[in-house]
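These notes are about the structure you will find just below.
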Amino acid sequence: MLKEFRDFAMKGNVVDLAVGVIIGAAFGAIVSSMVADVIMPIIGAITGGLDFSNYFMGLSKSVTATNLADAKKQGAVLAWGSFLTLTLNFIIVAFVLFLVIRFMNQLKRNDAAKPVEPPKPTREEELLTEIRDLLKKA
C-alpha cells in the first residue's frame with residue numbers, strides 16, 4: 001500500500017497540482033494585500049473615508065459595538081462589508097487569472113504561427129539522394 005501511495009504521489013499531475021496550490025496560496029495573499037491595502041483605501045477615499053471591511057449589521061439587540069471585531073464578540077452580525085471586500089478580491093483574482101491565461105494563449109498562438117523548417121538532411125541522406133539522382137540519369 002505504501003508503494004502504491006508513493007507511485008500515486010509522484011505522478012506528474014499530483015506534483016503539478018501541489019505546486020499550483022502553493023503558488024495559488026501565495027498569489028492569493030498578494031491579491032488580498034492589494035485589495036486591503038491599495039484598492040479599498042482608494043475606494044474609501046473616493047467615498048469619503050469609508051472602510052467597507054468594518055461595515056456590519058447586528059442581528060440581535062445585544063450588539064451595540066461600533067466596530068466589527070467587538071460586535072462579533074457581542075453576538076451574531078451580518079458582516080456585509082467583509083463580504084464586499086472578499087467579493088472584490090475574487091473579481092480581481094479572476095481578472096488577473098484571465099489576463100495570465102490570455103497572455104499564455106497568445107504565446108501559444110505565436111509559437112504555432114511560426115513556420116517550422118524541415119530538419120536539414122544528414123550527410124548520409126545527402127549521399128543517398130545523390131546516388132538516387134545518378135541512378136535516374138543512367
Side-chain angles (χ1 to χ4, degrees):
M1 188 164 117
L2 211 54
K3 181 185 179 301
E4 189 177 345
F5 176 73
R6 186 195 71 204
D7 292 343
F8 168 75
M10 296 312 292
K11 284 185 180 175
N13 293 344
V14 174
V15 174
D16 292 344
L17 179 62
V19 169
V21 167
I22 291 168
I23 290 174
F27 184 71
I30 290 170
V31 172
S32 294
S33 174
M34 185 174 75
V35 170
D37 301 330
V38 177
I39 293 174
M40 292 311 280
I42 292 171
I43 291 173
I46 291 171
T47 60
L50 301 175
D51 179 16
F52 291 106
S53 63
N54 204 30
Y55 281 176
F56 65 94
M57 182 173 54
L59 298 178
S60 69
K61 292 182 181 187
S62 63
V63 177
T64 59
T66 58
N67 66 33
L68 182 60
D70 292 338
K72 283 185 176 181
K73 292 176 187 174
Q74 293 177 346
V77 295
L78 183 66
W80 63 271
S82 271
F83 178 75
L84 180 66
T85 302
L86 290 174
T87 302
L88 182 60
N89 190 350
F90 170 77
I91 290 169
I92 290 170
V93 169
F95 183 71
V96 169
L97 286 176
F98 167 75
L99 292 177
V100 167
I101 291 171
R102 185 173 176 222
F103 177 71
M104 290 176 64
N105 286 340
Q106 275 184 331
L107 289 178
K108 285 181 184 178
R109 274 187 245 126
N110 289 344
D111 287 345
K114 291 180 183 176
V116 178
E117 293 183 24
K120 186 177 178 184
T122 63
R123 179 70 182 143
E124 183 179 326
E125 289 172 338
E126 288 176 359
L127 289 173
L128 288 172
T129 303
E130 287 178 22
I131 292 171
R132 182 196 65 201
D133 293 343
L134 289 172
L135 287 174
K136 281 184 181 178
K137 289 182 183 178

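Predicted model only: the values in this text are computed from it and were never measured.
Nearest heavy-atom pair across Ala71 and Val63 is CB-CG1, 3.7 Å. Minimum interatomic distance between Ala65 and Phe56 (heavy atoms only, all atoms of both residues): O-CZ, 3.3 Å.
The other members of the hydrophobic cluster of Met57, by chain and number, are Leu59, Leu78 (side-chain heavy atoms under 4.5 Å, ILVMFWY only). Residues near Leu134 contribute nothing to a hydrophobic cluster around it, because no ILVMFWY side-chain heavy atom sits closer than 4.5 Å to its side chain.
Contact check for Leu68 versus Tyr55: no side-chain heavy atoms found under the 4.5 Å cut-off. Side-chain atoms of Leu86 and Phe90, non-hydrogen and from C-beta on, never get closer than 4.5 Å to each other. Counting only heavy atoms from C-beta outward, the side chains of Leu84 and Leu88 never approach each other to under 4.5 Å.
Ile91 and Ile42 are members of different hydrophobic clusters when ILVMFWY side chains are connected at heavy-atom separations under 4.5 Å.
Open room surrounds CZ on Arg102; 12 or fewer heavy atoms of other groups in view lie less than 6.0 Å from it. Shown here is Gln106, whose CD atom has more than 12 heavy atoms of other residues, nucleotides or ligands within 6.0 Å.
The backbone N or O of Glu125 sits less than 3.5 Å from a side-chain atom of Thr129, completing a donor-acceptor pair.
Pairs passing the salt bridge (charged side-chain N to carboxylate O under 4.0 Å, His left out) check and including a residue from residues 66-90, sequence neighbours excluded, do not occur.
Here Glu126 contributes atom CD and Ile131 contributes atom CD1; the two are 12.0 Å apart, rounded to the nearest 0.5 Å.
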